[in-house]
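Labels below follow one simple rule: chain letters A, B, ... track the order of the sequence lines, proteins then strands, and each chain is numbered from 1.
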Amino acid sequence: MKKIDILRMALRNFGRRKARSFLTVLGVVVGTMSVVVMISIGQGLNESYKEQIESWGSLTQIQVNGTSTGTDTGAGGGGTQGNQLYMDDNSVAGLSQIPNVLGVMPVKNESVSLIKGKEIWTGNVMGIDLSKMELFGFKTTKGRLLESTDKDSFVMGYMTAFSFYDPKGNGEWINPTDDQGNPVPLPFDPTTTKLKMTFDTSYGYEMSVGKPKMSKVNCVGVLKMASDDFSYSILMDYNTVETLKKDYEKTQTSTDTNGSTTGSSSRQEKSKNKYDIFYVKVDDVNNVSTVQSAITDMGFSCWSAMDVLNQVKEQMKIIQFVLGGIGAIAFFVAAIGISNTMVMSIYERTREIGIMKVLGCHLKDIMSLFLTEAALIGLLGGLVGLGLSEGLSFLLNFLSSSGALGDMSIGSKLSVIPFWLIICGIVFPTFMGLVSGLYPAWRATRLSALDAIKNE
Amino acid sequence: MKSLFIWILLEMIMREGRKSSPIMTKEINGVIIQIENLRKVYRISSEKIYALNTIDLSVNRGEICCLLGTSGSGKSTLLNLMAGLEKPTRGTISIKGARIDLMSEKQLAEFRQKNFGFVFQSYNLLSALTALENVAMPLVFCGMDAKKRQKEAKKMLEQVGLKNRMNHRPTQMSGGQQQRVAIARAFVMHPPVIFADEPTGNLDSRTTIEVMEMMVNLVHKNRSTLVVVTHDLEIASYCDRIIHLRDGLIVNEELKHAIPAAYETANSMIIAGN
């Protein structure tokens, strides 16, 4: 028998019992949908987590928070003074030597207050190496990045611009993002607003004592929205911060008689640790883990968004497995449905099969005929199920983005159907149909032709 | 399910063995069907029932042979055994020199496809198919392409006088017409042997004559051999040879157009064997 004839006959039989074929296909449709939608939700969660983690900082960026080893360990490697490891220029040089590292940006954090009229912002000024700004991909939403010729200038983090408030009044909180998580216009233009800065973070509050030294500073730009550390800080040239700090301290020691001893001792200890944080830029996402372990081996403690992402990925695997498992149950039921339909169909067509056998139809062809029919049910169910899944996925995404399903601030899409899932959604049900059809098809070939034609 | 896997396994092992099984012998002197010492025993609980007991029979090429007998005489069983639809308990059946009693299901399917045509009492047409599709069925099984088999089936339907009934389904046709479709189907492959089991059992006497004459004509035209099973003497009158069966034994053989004077007397003469 020719393949085309087998297909034609299978199609005809499929169309003969429309209601039953429809119901069986429906079973497969539901099964396919449940698997595809469940997995797509898993995928969607996965991707939105990734998106979220990326917004904490680039995935190719490693944050070195300090030295993990004590003074007595002999952790080797560049950047050590003798056997001692500090957050200093030697370490920067050492870290830069690690393969696949594009660059290291040392950061010195200082607490400051920015004053805009009556409103105050208190937070971190990060003293950075200006030459690395481009490498680390800083982008401004307003104004420009810092240049080496700038004097007493800074770049403001996006979130910082929204965090000014009047400590004596009832400041109104402005949400930096709208309902969809998109940025809203800045409440004021920092590049044209007059701003003052002081290292006395108690300024403007009730416990503030005396008048601290104010530095005139100039904002040249505002960073694009992100949720990393930079976004909540202001960025300044390392040397500028140091100079301003020294100026401030000079006035402090002369006016403030309570110049605390603890402060100076901590300063002394800090003196060897010139920086607070190193940001290490890696050339590729796939190299982050190796670079990270190299950094750890050198004796630093570090962290990257990849750490969290990997953890989340592990958890997502479990979630996807559970979701997929729920879908698989529906799928399994559909498979039983196909088997049942085919067995019923054989009972009904016993005589027909008998006639075919008497007329000399090969067993192989009878087998193929029933297998084709079962596979067709699977294929059709898979296709329709996939189509409906795409629709459902679209609907879910629409509802979640419009906020109808509550606050889904985790990401842009709730359900994502990747290409491989589409392929699986077609191949797997078809294969399942084939497997479900195996037993009925075998039964069909076993029917006695004589008994079959006697059956009236 | 377990038996399914065993079956697949056995099928693979058997495939090799079957290729060299000794089922072909030589056809001798124009004898197309050669039956020797044939016995078929059915077991109903502990009781043995001899449906056929020691049958020896040979049918010549081109002969129209009638197996005549009352119900339970074993005539249908004999036909089923000849057509390979059942396996004998003992004895040999050679058709065209091939031992069909030794053939596997698969080999039988192929052999039937090429050599046998069937006409049944209950027509056994596929109700979902049109007359044309029913007639083309055996051609589908042997892998003929659609255009060619359409042509062949049309030609055959024209020969049985159903030119304008080609696209009717069996349910839209009379019994006589359905049987003519079945006859067309039986002859479409031009097989050397046609088996007809009570072909006119469901038909009125006028249609019976029509159908029988048509079959005999087609058999002569195709130079086929026809084996008819019937209990009807009128049918038997169309045959070259009439073989009387009773209780699983051949009791009498008559030659062409020698219509027995009385069926009863014929049956009372118990001559076993030839």
What part of [X] lies closer than 4.5 angstrom to a heavy atom of chain A: side chain, backbone, both or neither?
X: M144(B); value: backbone
X: A146(B); value: side chain
X: D145(B); value: both
X: F116(B); value: neither
X: L139(B); value: neither
X: E86(B); value: side chain

Heavy-atom neighbours of [X] [atom1] exceed 12 at 6.0 Å:
X: K154(B); atom1: NZ; answer: no
X: K151(B); atom1: NZ; answer: no
X: Y42(B); atom1: OH; answer: yes

So which part of R8(A) gets closer than 4.5 Å to some heavy atom of chain B, the side chain, the backbone, both or neither?
-> side chain

Proximal component of M9(A), with respect to chain B [non-hydrogen, under 4.5 Å] = side chain

Under the side-chain contact (heavy atoms from CB on, under 4.5 Å) criterion, do K357(A) and E105(B) qualify, and how do the steps go?
-> CA-CA 10 Å; K357(A) 279 182 132 181; E105(B) 276 268 336; 3.8 Å; yes

Residue pair R185(B), L359(A): steps toward the side-chain contact (heavy atoms from CB on, under 4.5 Å) verdict = CA-CA 9 Å; R185(B) 185 179 65 185; L359(A) 294 182; 3.7 Å; yes

Working to the nearest 0.5 Å, report the span between [atom1] of [X] and [atom2] of [Y].
X: E352(A); Y: L125(B); atom1: CD; atom2: CG; value: 12.0 Å
X: S122(B); Y: I355(A); atom1: OG; atom2: CD1; value: 7.5 Å
X: M1(A); Y: C142(B); atom1: CE; atom2: SG; value: 10.5 Å
X: R112(B); Y: C361(A); atom1: CZ; atom2: SG; value: 10.5 Å
X: H362(A); Y: F141(B); atom1: NE2; atom2: CZ; value: 10.0 Å
X: D5(A); Y: M137(B); atom1: CG; atom2: CE; value: 9.5 Å

Short N-O contact, E133(B) and R12(A), less than 4.0 angstrom = yes

Minimum heavy-atom separation for G143(B) to K2(A), with atom names?
-> O-CE, 3.2 Å

Note: vs chain B, highest number of non-hydrogen pairs under 4.5 angstrom among N13(A), L363(A), D365(A), V358(A) is V358(A)

Look at R443(A), R446(A), K364(A), R16(A) and state which one has the largest set of heavy-atom pairs under 4.5 Å with chain B.
-> R446(A)

